[in-house]
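Lettering follows sequence order; numbering is per chain, from 1.
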Amino acid sequence: MKNNKRYKLIILFCLCFLAVANVNAQSDWQVPAKDNENLSPFLFDDDMILEGRVAYENSCTSCHGTPGQDDFTPMSPPPGDPAAEQFQAQSDGSLFYKIKMGRASMPKFEDAFADDELWNIVAYIRSFNENYKQQLPNMEGVEIPVYAMKLSFDQNVDKLVVKVLAEELPQAEVSVSAYVMGTFGKHLLGKAQTNELGIAYVDVDPALPGDAEGKVNVLVKATKEFARAKVQQDLAIAMPTEIHSAIEGRHIWSTDRMAPIWLKITFFVSVFGVWFALLFIVFGLRNIKRAREES
Amino acid sequence: MNMANKNDKSRRRFLQKLGIAGASTVAGSALLLQGCSDSNQASGNKVKVLTADNKLVEVDVAHLKPGDKIQDLSYLQKRGREGIPGKKFVMVVDLAKCKNARKCMKACQSAHQLKPEMHHLNVLEMEDPVKKTSYWMPKTCQHCDNPPCVSVCPVDATFKRQDGIVLIDNERCIGCRFCVAACPYSARTFNWTEPKNSDKMADVTYDMELNVPQKKGTVTKCAFSADQLRYGKLPYCVSACPNGVYYFGDQNEDLVTNGTTKKTVRLSHLLEENAAYTLMPELGTKPSVYYLPPRESEG
């Protein structure tokens, strides 16, 4: 009897521990103070919310479910519903940091999304909070330069050369990230900072396949504080590759549509030839029989 | 008198009928003209669209009739047979990440109108008799570059396209199930009974890229969600996975995108660095689905 009670106590203790551990696991995620206070340089508007929604539906719905529906995947620690109070109580900077850096089963989206795209997702999450009022950084006296970018390729060292200018003047210490646009997503080529001449070099793998002329679609983004710019263009930076159809040539599984004309002609000529020979013989025999009967 | 009355009546009736016919002709043509002038009125908003013969043309938004072609069976059949030029689709399955969440199967079954016991994609528990461990393996059609199922089909119902996808046309399928027997991966399944929601799907035009509506007495299989790929979207299973198991992409670009994180990586690097393998390579079927081995510590 005493033993039984003890077991019950132990089980109760374990359960309590599990529950506490679970809650701890959620609140345990420490965000550096600087990142926690980070604010979006963009005003969350409908465009941002829409773009954030697309990104959310593609990358977050599978675990976090549809916001407001509480239909997230049961995992440990639970991913939680972004529309829930616990989620919305966090600062913008904290949400941004957590999406960007990830932890355990929460993937790290740093390479998949650029900063502005991450802010889109934060804007989308905030759209479910009626009481939310966006806190904007102090922009008084801040002048935001307008960047222009020139892309070229240095064949000798296999590097993409990005020149960042603002009003014809080279811009130093600008963060540049270059991507190759694939069918379903963008592949990070590399990140670099511009030097005093406003030039950043990004390594390009010479084995990367391009089209017949070696062209690939390249996206380059430049950011420095509140200034940002992006440019997308086809550049001959990759290896020229000849693309073959998966059904090219003849195979055992090819359909008759792929058979060459000479084969079709030979086939039909020989088939009809054999039939003609057979019928010639049969009619010949019939004629002989008739001739005998007549005589 | 009677006769005269009759004549009078018939004349009157004739005139009445003539009047109605005339009025309706005038009204009908007016409506038609109205319709014509409406559709000819340009809104000024121009969009670029790709025609069926792969030409980019600019048309006015007002002249677009959405869904016309999507309803047209012969257009869908032609599009499904031809495939997407310049692409060669591949899938990479990272077995170390699969936790048997089965979200991929659920998404697949709801997209392709499949009953719970029918699978285009199945997550199997694989046991390693030497290490005494087990792991989960999602298994789908391997979209072989040398497909035995296509060789045996007597009616050209199952075929391979230029983008590497092996599809089935259930308008041609006679239900002989030669392909089911020929497939070494048991990737195909047969509609023994009326498909799920067949009454609701009765009026839907058949799209072989989605293989919906399903038809009783025909074979069905994974289509790599060819209908999604056409719009640059990832397959249903790939985007439904919560664990980052699936990578999907174009071999010609050497890029594959993870369905969960959306991270795009080089296909050749991913395969080389993780010792990727294909199922039953000794058969020479050359699958388009690659597997990254499970971790030894996980079981």
Against chain A, label [X] side chain, backbone, both or neither, depending on which of its atoms sit under 4.5 Å from a heavy atom there.
X	result
B/Lys103	side chain
B/Cys153	neither
B/Tyr247	neither
B/Thr264	both
B/Arg161	backbone

Is it the backbone or the side chain of [X] that comes under 4.5 Å from a heavy atom of chain B, or both, or neither?
X	value
A/Ala238	neither
A/Phe109	side chain
A/Ile252	both

Problem set entry | Pick from A/Thr241, A/Asp211, A/Asp205 with the largest number of heavy-atom pairs that fall under 4.5 Å of chain B | A/Asp205

Exercise. Looking only at side chains, do A/Asn217 and A/Gln233 share a donor and an acceptor under 3.5 Å apart?
Worked result: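 Distance-only check fails for A/Asn217 and A/Gln233.
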
Exercise. Backbone N or O of A/Thr183 within a donor-acceptor pair of the B/Glu253 side chain at under 3.5 Å?
Worked result: yes

Who are the salt bridge (charged side-chain N to carboxylate O under 4.0 Å, His left out) partners of [X], not counting sequence neighbours?
X	answer
A/Lys186	A/Glu117
A/Lys191	none
B/Lys263	A/Asp111

Exercise. Are B/Arg230 and B/Asp163 within salt-bridge range, i.e. N to O under 4.0 Å?
Worked result: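 A salt bridge is absent here (no side-chain N lies under 4.0 Å from a carboxylate O).
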
Exercise. Within residues 141-150 of chain B, which positions have a heavy-atom distance to chain A below 4.5 Å?
Worked result: B/Asp145, B/Asn146, B/Pro147, B/Val150

Problem set entry | A/Asp234 vs A/Val216, side chain to side chain contact (heavy atoms under 4.5 Å, CB included): CA-CA, chis, key distance, verdict | CA-CA 5 Å; A/Asp234 288 333; A/Val216 285; over 6 Å; no

Exercise. What is the ring orientation for A/Phe44 with A/Trp119, classed by angle as parallel under 30°, tilted 30 to 60°, or perpendicular over 60°?
Worked result: tilted

For this session: Might you confirm whether atom CZ of B/Arg102 has over 12 heavy atoms from other residues, nucleotides or ligands at distances under 6.0 Å?
Result: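 Counting other residues, nucleotides and ligands, CZ of B/Arg102 exceeds 12 neighbours.
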
For this session: Step through it carefully: locate the ring centre of A/Tyr56, locate the ring centre of A/Tyr124, and say whether they are under 6.0 Å apart.
Result: yes

Problem set entry | Value rounded to 0.5 Å, distance of CG in B/Asn252 from CG in B/Leu267 |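 Going from CG on B/Asn252 over to CG on B/Leu267, the span is 10.5 Å.
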
Exercise. Which one, B/Thr260, B/Asp250, B/Val152, B/Asn258, leads in non-hydrogen pairs under 4.5 Å with chain A?
Worked result: B/Thr260

